[in-house]
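Everything numeric in this text was worked out from a predicted model, so none of it was measured. Just follow the structure's listing: the first ligand is 1, and inside any ligand the first atom is 1.
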Amino acid sequence: MLHVNSRIFTSILLLLVSISIKGAKGIVGVNYGMMADNLPTPELVSKFLQESTIISHIRIFNTDPDSLKAFANTGIAVSVTIPNDQISSFTDLEFVQKWLVTSIMPYSLDTNIVRILVGNEVISSANRLMITNLVPAMQTIYTALVNESLDKSIKVSTPHSLGILETSSPPSAAKFRPGYDNHVIKPLLSFLRATDSPFLINPYPFLGCSNQTLDYALFRPNSQVLDEITNLTYTNMLDAQLDAVYSALKVIGFADIDIVIAETGWPSKGEPGQVGVDVESAAEYNKKLVLHVKSMVGTPLMPNRTFETYIFGLFNENLKPGPINERNFGLFHPNFTPVYDIGILRTEVFASSVCKHCHDTKYLFMISMLLYVAFVLAG
Ligand SMILES: *[C@@H]1O[C@H](CO)[C@@H](O)[C@H](O)[C@H]1NC(C)=O
Ligand SMILES: *[C@@H]1O[C@H](CO)[C@@H](O)[C@H](O)[C@H]1NC(C)=O
Ligand SMILES: *[C@@H]1O[C@H](CO)[C@@H](O)[C@H](O)[C@H]1NC(C)=O
Ligand SMILES: *[C@@H]1O[C@H](CO)[C@@H](O)[C@H](O)[C@H]1NC(C)=O
């Protein structure tokens with residue numbers, strides 16, 4: 001009896017702690033890419049995330065059944081992706097209904113599937129057919145979800161590269177690229193608004209950064225950037241990129257749509273001599289990113305807003321094509337040792353929450369004591 005009670009007690013305590021870590025402070029998730037031949041099985045990954053990290057949200061780049069099964073009964077929120085080259089099939093309702101029944105519903109009872117992402121960075125792909133099919137595919141998936149009463153628990157969206165912006169400097173003058181703005185982006189935003197789904201973006205300050213702007217991109221002290229239209233001062237590049245997206249949304253009447261950072265990150269290894277690409281810089285970016293999105297400070301144009309944020313990525317992916325840095329965005333090596341430490345391992349969180357969030361801890365301590373007394377009394 002006592003054994004059972006203490007297990008229940010521990011679970012409730014863990015739950016309370018994790019609620020206090022996640023709640024109100026911005027969600028930090030991770031992109032789980034699998035372009036590698038040396039990764040552990042999804043089952044081991046799921047166990048690792050659950051037992052050793054505070055990561056509560058992941059995104060996978062497919063709808064792999066083994067991965068969906070692996071995250072069953074973990075509570076981890078999973079976003080799945082329909083690969084770009086399959087989008088055209090998803091404009092056909094009959095196909096989508098069957099797909100939903102065979103590829104999603106067998107898993108969605110036990111696995112917390114929260115989002116279906118239709119492609120990745122489709123609008124900046126320059127593939128006209130794919131771009132044309134994007135919103136119809138999203139609508140078709142939504143229709144099928146509604147019919148199965150899954151539309152409230154599973155949302156449909158699609159992540160964008162910042163290449164969809166024509167100008168992004170100063171942030172307040174940003175606009176979507178003409179041509180796509182009316183024909184694709186407006187219908188897309190109307191869909192997101194009607195279905196209460198967020199706008200997903202993939203900002204990478206790393207990509208827009210030179211020797212001169214490295215400090216600005218890495219949230220270090222820097223000379224800052226003034227937006228002369230608003231007189232607002234930017235202390236870091238991510239804020240400027242988020243506000244550029246916000247301004248582009250606002251100018252076409254969609255400032256109310258939630259913004260989610262679907263991917264951001266920093267490589268830990270690059271070409272020899274590449275400035276700002278090393279383990280220390282990657283650790284610095286991701287650590288300060290987490291602090292920033294959890295701080296609730298928001299951005300100059302979006303004060304006090306939090307952004308659900310997904311770091312790219314979980315593992316280094318040794319089969320990714322392109323320059324060396326592409327294979328080195330991971331937080332972890334395939335054997336689960338951290339490439340660097342950004343404070344998302346469980347033990348550290350307990351330690352740091354005791355020191356830094358005495359207020360929360362006191363509150364939790366009181367609840368824990370009350371529960372403990374209750375369990376002791378209940379015998
Ligand atoms: C709606 O869902 C039911 C099962 O709940 C299924 O039999 C039917 O084919 C679906 N029809 C449409 C039009 O979505
Ligand atoms: C960037 O700065 C480093 C030293 O800080 C210097 O060695 C390198 O040549 C610079 N690269 C460019 C492209 O300016
Ligand atoms: C920005 O600041 C300058 C100088 O302080 C001032 O002249 C200008 O009117 C301000 N503009 C806005 C939009 O507040
Ligand atoms: C942001 O939060 C601060 C402190 O809680 C508050 O004073 C301020 O009014 C808030 N600003 C907005 C725009 O909500």
Quiz prompt | Name of the residue among Y180, F199, F176 meeting ring-ring contact (aromatic ring centres under 6.0 Å, His included) with H160 | solution = F199

Quiz item: Got a protein heavy atom sitting under 4.0 Å from atom 14 (O) of ligand 4?
Solution: yes

Practice problem: Could you tell me whether atom 4 (C) of ligand 4 has a protein heavy atom closer than 4.0 Å? | Solution: no

Self-check item: N120 CG to N202 CG distance, which is reported to the nearest 0.5 Å
Solution: 5.5 Å

Self-check item: Trace of the side chain to side chain contact (heavy atoms under 4.5 Å, CB included) decision for E308 with H57
Solution: CA-CA 9 Å; E308 191 179 324; H57 286 61; 4.0 Å; yes

Quiz item: At what distance is the nearest protein heavy atom to atom 11 (N) of ligand 4, and which residue and atom is it?
Solution: N304 ND2, 2.9 Å

Quiz item: Do D256 and R193 sit within salt-bridge range, that is, some charged N less than 4.0 Å from a carboxylate O?
Solution: yes

Quiz item: Can you list the ligand 4 atoms lying under 4.0 Å from a non-hydrogen atom of P303?
Solution: 13 (C)

Quiz item: Considering all protein heavy atoms, does one lie under 4.0 Å from atom 9 (O) of ligand 4?
Solution: no

Quiz item: Would L117 end up clustered with I87 when hydrophobic side chains under 4.5 Å apart are linked, directly or stepwise?
Solution: no

